[in-house]
There are 2 protein chains.
Amino acid sequence: MRILLVEDDPSLGEGMRVALHREGYTVDWLRNGSDALAALDSDAFSALILDLGLPDMDGLEVLALLRRRHTLPVVVLTARDALVDRLRGLDGGADDYVLKPFDLAELLARLRVVTRRGEGRRCAQLQLGALVIDEARHAVTWQGQAISLGRREFALLLELARHAGQVIPRSRLESLLYGWDEDVESNALEVHVHHLRKKLDRSLIVTLRGIGYRLEVPA
Amino acid sequence: MRILLVEDDPSLGEGMRVALHREGYTVDWLRNGSDALAALDSDAFSALILDLGLPDMDGLEVLALLRRRHTLPVVVLTARDALVDRLRGLDGGADDYVLKPFDLAELLARLRVVTRRGEGRRCAQLQLGALVIDEARHAVTWQGQAISLGRREFALLLELARHAGQVIPRSRLESLLYGWDEDVESNALEVHVHHLRKKLDRSLIVTLRGIGYRLEVPA
DNA sequence: GTCTTGGCTTAAGGAAGACTTAACATCGGC
DNA sequence: GCCGATGTTAAGTCTTCCTTAAGCCAAGAC
């Protein structure tokens, strides 16, 4: 994990560099804001530790400029204790805040908190050839075209798509649309299938006479 | 946005409840750890504010149990000033902590920081095409024009915007505006949606019949 | 070939859900 | 405690989706 440390105080910076290095981080230590911004363009860092009191420019300014391009985790260091400044820092895009003087252990803890996110962002998108089903958006795309489906149609297609290539018995599809108990002795299911075929493609859903339906997986 | 507040001190808790409510949050206030854990199973909250000094169990224990199941943003409140305790809190899974006594504005700022992290967003300003939402200032801009929204309207829009492009089920929006207990058997939600559409744009919020709503992301 | 069975197609009717509007309640600031 | 702003309730209208039903078609059995 590579960290960019921006701090103009030599002894404090050195102490942090050593401590971070000891923790296993790779550290790039810069002393001013413009160098920092240039370095951040390289896009190689996992986090930024930023002192607000820099010789050339205000740390908050660095932060604002950074935020136009990156979403890098940022921990801000500051000597200012005024509440207003702290709030400005937080709302301005810092992920966390440490007041000087601080204990190194605390800085490290906050760094851990800030960097340990970003995993587990799964996109629940089901793709089968020209058919894309986005469950989160409740949206369906066919050959790049957005298709609008009713609730039942969507549920039906989703179930078929989840087991694409497998036969789903009629009974299961019916109990999916309606509760197990409430029986619909009509052809509602077939009508929905019909609509799906019309909106998508005729050959996408295959009928197994007397058994059920199957979604054709693309070749 | 719905917050679970866990705090045993009556007056402090009440103060926070009022302040949070005024910000537009829906607040569920519980006084002990076991109730909190039970409530957290419902999965309806956007964040947790947790006092570490609880009557029945240690707050850190609550945190540890919570972390086995959820990745909910957590802000910890503590009277303890010992560094060790703070670190234990952070490494134990808290996203941030506030030392008592604290200023409410700071708590709110930290809450904002913590809740917007899940979306990979770093800045207090959320921009979606012509729509700009300033979370800290409670201000909304549409095509450069400032729009004035009520608390509920703002909360609703914010929630939709945070998950822009995704369907938010009605049930979630309802429990977000009103707690579980106070059930609204009326169409308040729809009325708010109506007002938002009127103030912004008709096509911005898409209805998914029988499911929920979705904020359309700009092309 | 024709009969039967199950599926397809179509259109109409109905009902659930959403929209709109306005009046009524509630909250917060002065 | 009053007033304005904000939220909620309620009623009527509208719309979309779902179901129903009736006739047609295709496949397999005889």
Side-chain angles (χ1 to χ4, degrees), chain A residues 138-140 147-158 160 167-171 173-179 182-214, chain B residues 1 14-15 17-27 138-140 146-160 167-171 173-179 181-215:
Chain A
H138 229 262
V140 173
I147 305 290
S148 116
L149 298 180
R151 190 170 26 148
R152 296 258 137 100
E153 287 166 3
F154 186 85
L156 194 53
L157 181 62
L158 187 59
L160 286 166
V167 180
I168 319 264
R170 280 186 75 93
S171 57
L173 294 175
E174 273 164 3
S175 76
L176 182 122
L177 295 184
Y178 322 99
E182 44 174 320
D183 53 313
V184 184
E185 69 290 337
S186 101
N187 60 346
L189 175 60
E190 280 142 17
V191 174
H192 288 309
V193 169
H194 174 59
H195 287 149
L196 279 176
R197 293 212 252 237
K198 214 156 141 192
K199 288 179 178 174
L200 304 173
D201 190 288
R202 184 141 296 269
S203 59
L204 194 67
I205 298 171
V206 180
T207 306
L208 283 299
R209 211 178 159 75
I211 312 199
Y213 294 92
R214 172 163 53 94
Chain B
M1 176 114 41
E14 178 59 19
R17 199 192 61 70
V18 170
L20 288 166
H21 179 72
R22 197 169 297 162
E23 278 299 293
Y25 296 105
T26 300
V27 184
H138 268 227
V140 173
I147 305 288
S148 116
L149 298 180
R151 281 198 304 276
R152 291 254 130 109
E153 287 167 2
F154 184 82
L156 191 53
L157 181 62
L158 184 60
E159 184 69 12
L160 286 167
V167 178
I168 320 268
R170 277 186 78 91
S171 57
L173 292 175
E174 273 164 3
S175 82
L176 183 129
L177 294 181
Y178 322 98
D181 39 348
E182 39 175 326
D183 56 314
V184 193
E185 70 292 335
S186 99
N187 57 350
L189 175 60
E190 279 143 19
V191 175
H192 289 309
V193 170
H194 175 58
H195 288 149
L196 280 176
R197 292 211 252 237
K198 217 155 139 191
K199 290 179 178 176
L200 304 172
D201 189 288
R202 177 140 289 276
S203 60
L204 194 67
I205 298 171
V206 179
T207 305
L208 290 118
R209 208 154 248 264
I211 316 235
Y213 293 92
R214 186 181 68 200
L215 193 86

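To find a chain, count down the sequence lines: A is the first, B the second, and so on, and within it residues start at 1. These numbers come from the heavy atoms of this one structure, side chains and all, not from hydrogens, waters or symmetry mates.
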Check: Under 4.0 Å between a side-chain N/O of A/R151 and OP1 or OP2 of D/dT16, yes or no?
Finding: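 For D/dT16, neither OP1 nor OP2 has a side-chain N or O of A/R151 closer than 4.0 Å.
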
Checklist line | B/R209 side chain near D/dC18 phosphate (N/O to OP1/OP2, under 4.0 Å) | finding: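 No, outside the criterion.
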
Next item on the list: Under the salt bridge (Lys or Arg N to Asp or Glu O under 4.0 Å) rule, collect the residues that match up with A/R214, sequence neighbours excluded.
Entry: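 Partners of A/R214 under the salt bridge (Lys or Arg N to Asp or Glu O under 4.0 Å) test: A/E216.
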
Checklist line | Pairing residues for B/E23 by the salt bridge (Lys or Arg N to Asp or Glu O under 4.0 Å) criterion, not counting sequence neighbours | finding: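 B/E23 satisfies salt bridge (Lys or Arg N to Asp or Glu O under 4.0 Å) with no residue once adjacent residues are dropped.
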
Taking side-chain hydrogen bond (donor to acceptor under 3.5 Å, both in side chains) as the test, write out the residues that go with [X], two or more places apart.
X	value
A/R151	none
A/S148	none
A/R197	A/T207
B/E159	B/H163, B/R172

Would you kindly give the [atom1]-to-[atom2] distance between [X] and [N], to the nearest whole Å?
X	N	atom1	atom2	result
B/L208	D/dT16	CG	P	13 Å
B/N187	D/dC14	CG	P	17 Å
B/H21	D/dG7	NE2	C1'	10 Å
A/E174	D/dC18	CD	P	16 Å
A/L173	D/dC18	CG	P	15 Å

Partners passing side-chain contact (heavy atoms from CB on, under 4.5 Å) against [X] (at least two apart in sequence or in another chain):
X	value
A/H194	A/K198
B/A139	B/D134, B/R137
B/R170	B/E174, B/L189, B/E190, B/Y213

Check: Which of residues 191-202 of chain A sit near DNA chain C, with a heavy atom under 4.0 Å from it?
Finding: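 Per residue number, the list reads A/V191, A/H194, A/R197, A/R202.
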
Note to self: Taking the axis from the first five pairs and the axis from the last five, what angle separates them in the helix from C/dG1-D/dC30 to C/dC30-D/dG1, rounded to 10 degrees?
What the structure shows: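 One end axis against the other gives 30°.
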
Note to self: Mind checking if B/Y213 touches a base, just sugar-phosphate, or nothing, with heavy atoms under 4.0 Å?
What the structure shows: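 Sugar-phosphate only.
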
Notebook entry, point to check: So where does chain A start and stop touching DNA chain C, 5' to 3', when the test is distance under 4.0 Å to a non-hydrogen atom?
Noted result: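 Reading along DNA chain C, I get C/dT5 to C/dT10.
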
